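Contents: one structure, followed by commentary.
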Amino acid sequence: MANAMLHLTVGTLQLHGSSGIHFQGGNNSVRLVPKGFKVEVGFCKRGICSSGEKKFSIIQASASQTSVFDPVLSPSNNGTHESLKKSNEAALILIRHGESLWNEKNLFTGCVDVPLTKKGVEEAIEAGKRISNIPVDMIFTSALIRAQMTAMLAMTQHRRKKVPIIMHNENEQARVWSQIHSEDTIKQSIPVIAAWQLNERMYGELQGLNKQETADRFGKEKVHEWRRSYDIPPPNGESLEMCAERAVAYFKDEIEPQLLSGKNVMIAAHGNSLRSIIMYLDKLTSQEVISLELSTGIPMLYIFKEGKFIRRGSPIAPTEAGVYAYTRKLAQYRQKLDEMLH
């Protein structure tokens, strides 16, 4: 995977021959086997791998390009893969994008690609300050600019100072032109995967309409039903249930395996796609999830350990201390950052 070239890993990564693998999202995956063996490429769906005709691309790399680990994250001793897997603890950060220009105008936005307001930019920067001591190895965002802006701006505040880089796999030229040819630069980068499956739910014929005027036209009860029911979509749009089907499936297929391998992940997305994921993480019912509110630009922290998600942060806490009850591993990470940066 492209992120396999860029993400922070524990130990040493050996790439054979003159090529490395560049990931193209979706259900594609790359399995990197231990040193001395070849790289195998497969396509997975919910853990079931098979060959297929989906495309992947190659980025040039020398055979000596082996190490992409982070000294802050790597353990002091060498254990087996299985022991590391059993002891892995990963952070999952969820951030709803900051205020957009259409949020400000009280318009239904949905999948229309609208940027952040000045306030939204400030919210994203503030979110970054709150996660500045939390390790981030990979970032997933929606395909919409407001979520991508939020992720990028948040990472400008991170104390590790790694650079988030969006992976471009739209076509062969995009893949070739976005190659990185410096091993040192790769080590100081964080891959950003943009996926439409994490987009806001599509509001159909409501997109671009003023929310108050729509309520006046169709009635407050009908508009409330469209906005807050679980399984009733607006005209030619998606219900929360439909949004959850794609968002949760993507989370299970693409994000959860990264957490299982010990990688720390940040997701910058939208109210309904994040609400859907939280429904899965917290095992909420369809009635519980419709009353769940997420503030813009406020991060929420989960710890993934031994196959379970543990919520460790509140979306409404005003301070870092209130948002994060640090685990021992996160406290150690922060201590190492302090030692390295001072």
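Predicted, not measured: the structure shown is a model, and the values here were computed from it.
- Taken to the nearest 0.5 Å, the CG atom of L92 stands 7.5 Å off from the CD1 atom of I255.
- Q207 meets the side chain to side chain donor-acceptor pair (under 3.5 Å) test with no other residue; sequence neighbours excluded.
- With sequence neighbours left out, the salt bridge (Lys or Arg N to Asp or Glu O under 4.0 Å) criterion links E256 to no other residue.
- In this structure, the side-chain contact (heavy atoms from CB on, under 4.5 Å) partners of Q188, at least two apart in sequence or on a different chain, are R160, K162.
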Tell me which donor-acceptor pairs under 3.5 Å the side chains of residues 269-277 have, and how far apart each pair is, sequence neighbours excluded?
residue : atom : partner : partner atom : Å
H270    : NE2  : S142    : OG           : 2.7
N272    : OD1  : R275    : NH1          : 2.8
N272    : ND2  : E200    : OE1          : 3.0
S273    : OG   : L198    : O            : 2.9
S273    : OG   : H270    : N            : 3.2
S273    : OG   : H270    : O            : 3.4
R275    : NE   : L292    : O            : 2.7
R275    : NH2  : L292    : O            : 3.0
S276    : OG   : N272    : O            : 2.8

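- The ring pair (Phe, Tyr, Trp, His ring centres under 6.0 Å) search around F251 returns Y280, F309, not counting sequence neighbours.
- M242 forms part of no hydrophobic cluster, judged by ILVMFWY side-chain heavy-atom separations under 4.5 Å.
- When hydrophobic residues (I, L, V, M, F, W, Y) are linked wherever their side-chain heavy atoms come within less than 4.5 Å, the members clustered with L153 are L116, V121, I125, I145, M149.
- In this structure, the salt bridge (Lys or Arg N to Asp or Glu O under 4.0 Å) partners of E225, at least two apart in sequence or on a different chain, are K222.
- Evaluation of the side-chain contact (heavy atoms from CB on, under 4.5 Å) rule for I290 yields Y230, L240, Q287 as partners, not counting sequence neighbours.
- Residues satisfying the side-chain contact (heavy atoms from CB on, under 4.5 Å) criterion with K211, sequence neighbours excluded, are N106, F108, R227.
- Sorted by first and then second residue, the salt bridge (charged side-chain N to carboxylate O under 4.0 Å, His left out) pairs involving residues 277-286 (not counting sequence neighbours) are D282-R311.
- Judged as a side-chain contact (heavy atoms from CB on, under 4.5 Å), and not counting sequence neighbours, E221 has no contacts.
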